[in-house]
Amino acid sequence: MLANLGFILGTTLLYSAPLMFTSLGGVISENSGVVNIGLEGMMAIGAFTGATVGFYSGNPWLAFLAAGIASGILALLHAIASVTFAADQVVSGIAINFLGPGLALFLSRLFFDGATMTESIDFNAKMPRPLNGVFAQNSFLDLVFNQYATVYLAFLLVLIMWFLLYKTKLGLRIRAVGEHPKAADTLGINVYKIRYLCVILSGIFAGFGGAAMSLAVVSNFRPTLISGHGFIALAAMIFGKWKPQGAMLACLLFGASQGLVIFIGRTDLQVSSQILAMLPYVLTLVILTGFVGRANGPAADGIPYEKDEA
Amino acid sequence: MAKSKFSFKKFLKGKVGFTFISIFIGLIVGAIALLIAGYNPITAYGIIIKGIFGRPKYIAYTILYSTPLILTGLSVAFAFRTGLFNIGAEGQYIIGALVATMVGYFLHLPPVIHVIFVFLLAALAAGLYGGIAGFLKAKFGVHEVIATIMLNWIALYLNNFIVMSEGVRRPESESSYKILDTARIIILEKWKWTDEGRQWLSNHPILQDILKTPANWGFLVAILLAVVVWYILNKTTLGYELRAVGFNKHAAEYGGIAVEKSMVRSMFIAGSLAGAAGALQVMGVTKAVTKLAAMEGYGFDGIAVSLIGSNTAFGSVFAGLLFGALKYGGPKIQSTLGAPSEMIDIVIGTIVFFIAIPKFIKMVLDFRSNKRGDKNVG
């Protein structure tokens, strides 16, 4: 019983981590007032880059960083469009969602001899498990806490983002830009600079999220690896009311459903895994209607800021 | 001469002009990607164009590929025009296809009536499904983006649950039973394989080539629905009200329009359009639904179609055909050249990207004409 619970909790954490990274990307971008619906595409390019660099270099940390950089570059496109050219941010994000997976598969075919699936990285090149061997094998604590480093990093990033947004001057500026860019501008904050920073960071985080999939949850990149995860992360961000800690809880809910489905699949319980898989989404809708109430994001979210021409 | 030049410039600066410039840039970027990857882009585009127009069969396939995209594009466009972002076309499509399969398999009806029944029930079900998102937004203020994303996944798992359940699942497969013959819309499906049919078709090579595909009536329905959407949006009170809400919710409310009701209505219509796409696909091409491991993408592609078509009815038809052609013709560079067919996604992504930034295109155009002006002065 305890082992089963441990297994469910462990898989929950494992599957939540990629969502948490990506969701935090959404949090930072949207708090600065830029809607980022392109998380899905950014996650895909991150997952691909992580798997590829991991395969060729054998170094998971290098791969993880490379994934962040690749997605950051893709996010730069989104920033140029939505900050400099006052684009409709949703449209630009949709473009990113075609470009990200498209580029990932395009490059995969070039690097892996026409295959859309990258070759599996070596077992030693996967993300390390910092607490491996600390607990007795398959004990409750082992199942729960013997996680890949990405899981711990995801929680750490939640803490950092919470601190950054609510306890630092920069965070205050970011939120000011997201709520009322004109007022922020009047006070001497460079709206464009802040937004560029936040959008690029959101790409880097989404890239980490993708790499947390391809370097930890599985060990390669394939076309269906990122199929809707970015959108779930986006939903988790809205569910979490645009806050890092809220997004984290929402991601844990979605991760838990994954954990349960995998657990049920291993037993001979007569519960439909399909219905079970559906539950968190139904639950989210119910919670949104009843308990959370109106979800209001940053006031200037999605509105391009154009300085008045003097 | 000077006059025609002037109007061309004006055309470029119009909305349609921007779209064409974006498409042009998209194709150029695709060519650059191929070039970097070491393939000759001219050869590749030649293969794609030949792959789309080279044979009557290819053209028929292009149209088959386009049909669902036109309809999901219309679905997204309709919602956009009324101020709602329908990411849920994907799920509404799944519901439409699922209900079409159920009605097509379990209900026994005479030929034409069966088709109409399947179509209407599928569109109704998908409409109601889309309406949920509208209702949640109107009543509880749930953001339609998050609601439709959730509904997409619910639809996917519901589909899998039903497909895999007893009585629906075709034994030893991961798909449902096929719909009855009476519910199909494939042109001359049975006849073309009879001796008489083969005989007749061998004398009519063009038709023979076309009928090698599951050519069906779906495209005509899609065009018809595009006209209906155009009519509703532009010629009816309902359309006026819906657009007014999309334009300015508060002003519309002040003007006496029931904003909440219009959100539900709008999402119902959007949903039924995406559901129609699923129904036509089942009746005309797939004849069954399968267990889905991931989203198929018809709904997401529909978002791009809608955007490329400037969120208009006829724009969606045009963009759907363009997208369908690229989706059908594009992979042919894979089989003949070994060039990555995902180049198509890069092209589409680039087109949408530049559609997002008309300001950039305007800047470039203005810059060019300014320069020319300076020269004249000098």
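Numbers restart at 1 for each chain; the letters A, B, ... are given by sequence-line order, proteins then strands.
- Proximity to chain A (any heavy atom under 4.5 Å) is restricted, for B:Val145, to the side chain, taken from C-beta onward.
- Neither the backbone nor the side chain of A:Glu40 comes within less than 4.5 Å of any heavy atom in chain B.
- Heavy atoms of A:Ile80 lying under 4.5 Å from chain B are absent altogether.
- Looking at B:Glu90, there are no atoms closer than 4.5 Å to chain A (heavy atoms on both sides), in backbone or side chain.
- Residues B:Phe85 and A:Ile37 meet the side-chain proximity criterion, which asks for heavy atoms closer than 4.5 Å.
- B:Ala33 touches chain A through backbone and side chain together, each having a heavy atom under 4.5 Å away.
- With a threshold of 4.5 angstrom between heavy atoms, B:Leu136 approaches chain A through side-chain atoms but not through N, CA, C or O.
- Counted within 6.0 Å of CZ on A:Phe111, heavy atoms from surrounding residues, nucleotides or ligands total 12 or fewer; the atom is thus considered open.
- Contact tally against chain A (heavy-atom pairs below 4.5 Å) for B:Ile357, B:Ile154, B:Asn152: the top residue is B:Ile154.
- Of all residues in residues 85-98 of chain A, those placing a non-hydrogen atom less than 4.5 angstrom from a non-hydrogen atom of chain B are A:Phe85, A:Ala86, A:Ala87, A:Asp88, A:Val90, A:Val91, A:Ser92, A:Ile94, A:Ala95, A:Phe98.
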Evaluate the criterion side chain to side chain contact (heavy atoms under 4.5 Å, CB included) for residue pair A:Phe239 and B:Ile146; output intermediate values, then yes/no. CA-CA 8 Å; A:Phe239 194 2; B:Ile146 182 172; 4.2 Å; yes
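- Neither the backbone nor the side chain of A:Ser82 comes within contact range of chain B; no heavy atom of the residue lies under 4.5 Å from a heavy atom of that chain.
- Neither the backbone nor the side chain of B:Met164 comes within contact range of chain A; no heavy atoms are under 4.5 Å apart.
- Heavy atoms of B:Thr350 lying under 4.5 Å from chain A belong to its backbone as well as its side chain.
- Using a 4.5 Å heavy-atom cutoff, the side chains of B:Phe300 and A:Phe231 are in contact.
- In this structure the side chain of A:Leu288 never reaches within 4.5 angstrom of the side chain of B:Met150, judged on heavy atoms.
- When side chains are defined from C-beta on, B:Ile346 counts as touching A:Leu99, because their heavy atoms get closer than 4.5 Å.
- The closest side-chain heavy-atom distance from A:Pro101 to B:Asp345 is not below 4.5 Å.
- In terms of heavy-atom pairs under 4.5 angstrom with chain A, the leader among B:Met343, B:Gln334, B:Met295 is B:Gln334.
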